[in-house]
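In what follows, a structure is listed as structure tokens, so that the remarks can point back to it.
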Amino acid sequence: MQTISTIKILHLDTNHPLLWEQLEKTGFINEADYTSTKEEVESKIENYHGIVIRSRFKIDKTFIDKAKNLQFIARVGAGLESIDCEYAESKNIKLIAAPEGNASAVGEHALGMLLSLFNKLNTADKEVKSGQWNRESNRGTELDGKTVGIIGYGNMGKSFAKKLSGFDVEVLCYDILPNVGDSNAKQVSLQEIQQKADVLSLHIPWTPETDKMVNTTFINQFSKPFWFINTARGKSVITTDLVSALQSGKILGAGLDVLEYEKLSFETLFEGEKPEAFEYLLNANNVLLSPHIAGWTIESKEKLAQVIVDKILRVYVTK
């Protein structure tokens with residue numbers, strides 16, 4: 001392994017300043033390029049040993065082939081779906097992410113969305129501010145006594161379950177990995193969640209297995225009408241099928257921090273005419289939307305950066 005003083009790191013997105021400062025203090029050579037195109041970065045990437053990125057562009061085979069001296073890619077976020085992980089690992093490039101850094105933020109956001117939907121807070125707020133005082137139509141629903149199903153029981157799912165531990169609810173989790181349940185959630189089959197859940201919350205990465213997972217067939221396998229929360233990835237849900245379920249009452253309400261229409265960079269939603277399904281979401285009283293900010297808190301910005309620093313140091317610094 002090279003000495004730290006010869007390791008050049010290219011920062012492709014702005015992050016909390018502690019990330020740059022701590023790497024610099026340790027001896028790494030930091031350089032930044034926040035504006036060049038992917039092709040322009042590719043033309044010089046062979047000069048660098050590490051990349052720090054959020055979601056500016058996809059790190060694909062073409063990019064990796066040009067990054068002849070790359071030793072690591074650090075994504076300041078939870079997922080690695082914007083990176084061709086298999087190809088990078090075949091080139092002995094270490095992949096670093098920071099799902100621990102924003103797990104608490106995501107758990108709080110999911111709970112906030114759920115409680116807002118149950119208590120019709122978004123509707124009540126708009127009505128009061130417009131001079132309406134409608135108490136009966138804004139009568140809420142209590143979370144106590146409900147069964148909450150969590151699909152994906154990694155850092156995010158565990159955080160949400162922990163936030164729920166103060167409520168009188170049954171929490172069930174499903175994950176492709178065995179033995180991940182804990183004191184906050186009982187691990188069960190997907191079929192048991194579909195049989196029992198009053199609430200479903202997604203905490204899964206976007207993979208070929210989870211792409212378009214929530215569709216009409218999946219939704220109709222639930223025994224009861226249910227509330228739906230998605231703070232994971234928008235492309236795991238077919239929006240038109242979600243809207244059909246909202247219209248039929250199979251889904252009682254939805255809290256969506258992510259949408260199928262998002263661009264990879266998460267900076268814009270779509271260009272041109274809005275899809276019909278999205279227009280429905282915009283106007284539905286039982287739908288709560290936010291712009292992919294569940295893990296995007298003041299605290300998580302710092303935590304994400306610190307996790308990335310710590311993991312880079314683990315690669316190069318022998319403890």
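From a predicted model like this one, the values you see are computed outputs, not experimental measurements.
- For the pair Asn155 (side chain) and Pro99 (backbone), a donor-acceptor distance under 3.5 Å is absent.
- Remark: aromatic rings of His203 and Tyr153 are distant, center separation not under 6.0 Å.
- The two atoms that bring Ser165 and Asn184 nearest to each other are CB-OD1, 3.7 Å, heavy atoms only.
- Looking only at distances, a side-chain donor or acceptor of Ser244 sits under 3.5 Å from a matching main-chain atom of Thr240.
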Lys146 vs Trp227, side chain to side chain contact (heavy atoms under 4.5 Å, CB included): CA-CA, chis, key distance, verdict: CA-CA 11 Å; Lys146 304 295 188 295; Trp227 302 81; 5.7 Å; no
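- His109 contributes atom NE2, which lies 12.5 Å from atom OG of Ser159 (distance to the nearest 0.5 angstrom).
- Paired with Asp241 under the rule side-chain hydrogen bond (donor to acceptor under 3.5 Å, both in side chains), one option of Thr216, Asn215, Thr217 passes, and it is Thr216.
- Asp125 places no side-chain N or O within 3.5 Å of a backbone atom of Leu121 that could act as its donor or acceptor partner.
- For the residue pair Gln195 / Ser223, no side-chain donor-acceptor distance below 3.5 Å is found, with atom types taken as modelled.
- Residues Lys196 and Leu172 have side chains in contact (heavy-atom distance under 4.5 Å, counting atoms from C-beta outward).
- A donor-acceptor pair is defined here as one N or O able to donate and one able to accept, closer than 3.5 Å; such a pair exists between the side chain of Asn283 and the backbone of Glu279.
- Proximity of Ile229 to Leu200: side-chain heavy atoms (C-beta onward) are nowhere separated by under 4.5 Å.
- Residue Ser130 forms a side-chain hydrogen bond (donor to acceptor under 3.5 Å, both in side chains) with just one option from Glu127, Lys126, Gln132, and that option is Gln132.
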Identify every side-chain donor-acceptor pair in residues 24-35 under 3.5 Å, counting partners at least two apart or on other chains, and give the distances.
{"residue": "Thr26", "atom": "OG1", "partner": "Gln22", "partner atom": "O", "Å": "2.7"}
{"residue": "Asn30", "atom": "OD1", "partner": "His11", "partner atom": "NE2", "Å": "2.8"}
{"residue": "Asn30", "atom": "ND2", "partner": "Trp20", "partner atom": "O", "Å": "3.0"}
{"residue": "Glu31", "atom": "OE1", "partner": "Tyr48", "partner atom": "OH", "Å": "2.4"}
{"residue": "Asp33", "atom": "OD1", "partner": "Thr35", "partner atom": "N", "Å": "3.2"}
{"residue": "Asp33", "atom": "OD1", "partner": "Ser36", "partner atom": "N", "Å": "3.0"}
{"residue": "Asp33", "atom": "OD1", "partner": "Ser36", "partner atom": "OG", "Å": "3.1"}
{"residue": "Asp33", "atom": "OD2", "partner": "Ser36", "partner atom": "OG", "Å": "2.7"}
{"residue": "Asp33", "atom": "OD2", "partner": "Lys44", "partner atom": "NZ", "Å": "2.7"}

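- In this structure, Ile45 and Ile51 have side chains that are in contact, with non-hydrogen atoms separated by less than 4.5 Å.
- Taking each heavy atom of Lys235 and Asp211 in turn, the nearest pair found is O-OD1, 3.3 Å.
- Between Phe118 and Val199 there is a side-chain heavy-atom pair separated by less than 4.5 Å.
- Although no hydrogens or angles enter the test, the distance criterion places no donor-acceptor pair under 3.5 Å between the side chain of Ser290 and the main chain of His292.
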